K.L.:
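First the structure, then my questions, so here it is.
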Amino acid sequence: MESSRVIIHARFANDGSVREIGECPSGISPQDWFNALSRHSANGYEALSGGRGIFRLVPAAIEQAKAAVLSPAT
């Protein structure tokens, strides 16, 4: 059985910083969300042309990333 995956789109500025990204929790910058997704995905990112990219992740990985980015630093 194949598990379902969520596709999250990212758009980059000319300097390589993240300008827009899907599923971004409120109060978190697009760059910080991209970094969190990168840390919590194993080979889930694919670069595309035109300053774009996508993450293909299982919902559990997205929830892990959200928990990590929203939890207070200790």
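Just so it is clear, the structure is predicted and the values come from calculations on it, not from any experiment. The figures that follow rest on heavy atoms only: side chains count, while hydrogens, waters and symmetry mates do not.
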K.L.:
May I have all residue pairs that pass side chain to side chain donor-acceptor pair (under 3.5 Å) and include part of residues 44-61, sequence neighbours excluded?
P.N.:
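Found Glu46-Arg56.
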K.L.:
Can you tell me which residue pairs pass the salt bridge (charged side-chain N to carboxylate O under 4.0 Å, His left out) test with a partner in residues 24-34, sequence neighbours excluded?
P.N.:
none
K.L.:
Can you name the nearest heavy-atom pair linking Val6 to Pro59, along with the distance?
P.N.:
CG2-CG, 4.0 Å
K.L.:
Using side-chain contact (heavy atoms from CB on, under 4.5 Å) as the criterion, list what pairs up with Gln31, not counting sequence neighbours.
P.N.:
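With neighbours one apart ignored, the set is Ser17, Val18, Ser29, Phe34, Asn35.
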K.L.:
For Ile28, which of Ser26, Pro25, Pro30 qualifies under side chain to side chain contact (heavy atoms under 4.5 Å, CB included)?
P.N.:
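So the option named by the test is Pro25.
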K.L.:
If you count every heavy atom of other residues, nucleotides or ligands that lies below 6.0 Å from Asp15 atom CG, does the total exceed 12?
P.N.:
yes
K.L.:
Mind checking what makes side-chain contact (heavy atoms from CB on, under 4.5 Å) contact with Glu23, not counting sequence neighbours?
P.N.:
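In terms of side-chain contact (heavy atoms from CB on, under 4.5 Å), with neighbours along the sequence ignored, Glu23 is linked to Ile8, Trp33, Lys66.
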K.L.:
Calculate, to the nearest 0.5 Å, the distance between atoms NE2 and CG belonging to His40 and Leu57 respectively.
P.N.:
11.0 Å
K.L.:
Return the CZ to CG distance between Arg19 and Asn14, rounded to the nearest 0.5 Å.
P.N.:
8.0 Å
K.L.:
Test of understanding: clusters of I, L, V, M, F, W, Y form through side-chain heavy atoms closer than 4.5 Å, transitively. Do Leu70 and Ile62 belong to the same one?
P.N.:
yes
K.L.:
If I take atom CG from residue Leu48 and atom CZ from residue Arg11, how far apart are they, to the nearest 0.5 angstrom?
P.N.:
11.0 Å
K.L.:
Is any side-chain heavy atom of Phe55 less than 4.5 Å from a side-chain heavy atom of Ile21?
P.N.:
yes
